[in-house]
Amino acid sequence: QVHLVESGGRLVQAGGSLRLSCAASGGSFSEYSMGWFRQAPGKEREFVAAISWSTYYADFVKGRFTISRDNAENTVYLQMNSLLPDDTAVYYCAARLGGILISYTQYTYWGQGTQVTVSS
């Protein structure tokens with residue numbers, strides 16, 4: 001079983017940057033596709049980015065976010081630049097066997113989330 005723990009979320013002003021981390025344990029990390037999702041109050045969970053041997057991003061990222069992974073450290077990162085107030089949400093790390101998919105229903109393992117708040 002894969003266990004995921006996110007960190008790095010905080011309050012930041014619009015235009016600022018954050019790097020979120022997701023530390024994984026259990027399973028064979030390199031065999032999993034890793035995704036980042038986010039959920040704002042009153043809204044459904046939405047796809048942000050994912051990585052396996054390649055990467056895929058949601059349209060709203062517009063080149064602002066970069067997902068990466070360090071298989072030696074069993075960690076996936078989300079570099080977030082030019083943050084906007086609309087980016088405010090709880091950000092979740094997720095894992096699944098097989099290739100990248102963008103629906104949260106297709107991911108098996110989830111972290112507890114880390115709060116990102118972007119102020120004006």
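Everything numeric here is computed off the predicted structure, so don't read it as measured data.
- Annotation: side chain of T88 is not in contact with side chain of R38 (no heavy-atom distance under 4.5 Å).
- If you run side-chain contact (heavy atoms from CB on, under 4.5 Å) between I67 and each of V48, I51, L20, only I51 comes through.
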Query raised in the report: Passes side chain to side chain contact (heavy atoms under 4.5 Å, CB included), Y91 versus Q115? Steps please.
Result: CA-CA 6 Å; Y91 283 72; Q115 177 70 50; over 6 Å; no

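- With contacts defined as side-chain heavy-atom distances shorter than 4.5 Å, the pair L84/R64 qualifies.
- When all heavy atoms are compared, the tightest approach of S21 to W36 is O-CH2, 3.7 Å.
- L4 and V90 fall into different hydrophobic clusters, where Ile, Leu, Val, Met, Phe, Trp and Tyr are joined by side-chain heavy atoms under 4.5 Å apart, directly or via other members.
- Atom CD of E46 has more than 12 heavy atoms from other residues, nucleotides or ligands within 6.0 Å.
- Between F60 atom CZ and D86 atom CG the span is 10.0 Å, to the nearest 0.5 Å.
- Taking the six-membered ring where the residue is Trp, W110 and F37 present tilted rings, their angle falling between 30° and 60°.
- Taken from OG in S68 to CE in M34, the straight-line distance is 11.5 Å, to the nearest 0.5 Å.
- Q112 has its side chain out of reach of V5: every pair of non-hydrogen atoms, C-beta onward, lies at least 4.5 Å apart.
- Between T117 and V12, the closest side-chain pair of non-hydrogen atoms is not below 4.5 Å.
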Query raised in the report: D70 and T75: side chain to side chain donor-acceptor pair (under 3.5 Å), yes or no, with the steps?
Result: CA-CA 5 Å; D70 186 337; T75 303; over 6 Å; no

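- Heavy atoms of other residues, nucleotides or ligands lying less than 6.0 angstrom from OH of Y56 number 12 at most.
- Taking 4.5 Å as the limit, every side-chain heavy atom of R96 sits out of range of all side-chain heavy atoms of Y32.
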Requested in this report: For the pair Y77 and T66, evaluate side chain to side chain contact (heavy atoms under 4.5 Å, CB included) and give the outcome as yes or no after the intermediate values.
Outcome: CA-CA 8 Å; Y77 304 95; T66 302; over 6 Å; no

Report task. Test E73 against F29 for side chain to side chain contact (heavy atoms under 4.5 Å, CB included), laying out the working first. Result -> CA-CA 9 Å; E73 295 186 352; F29 182 73; over 6 Å; no

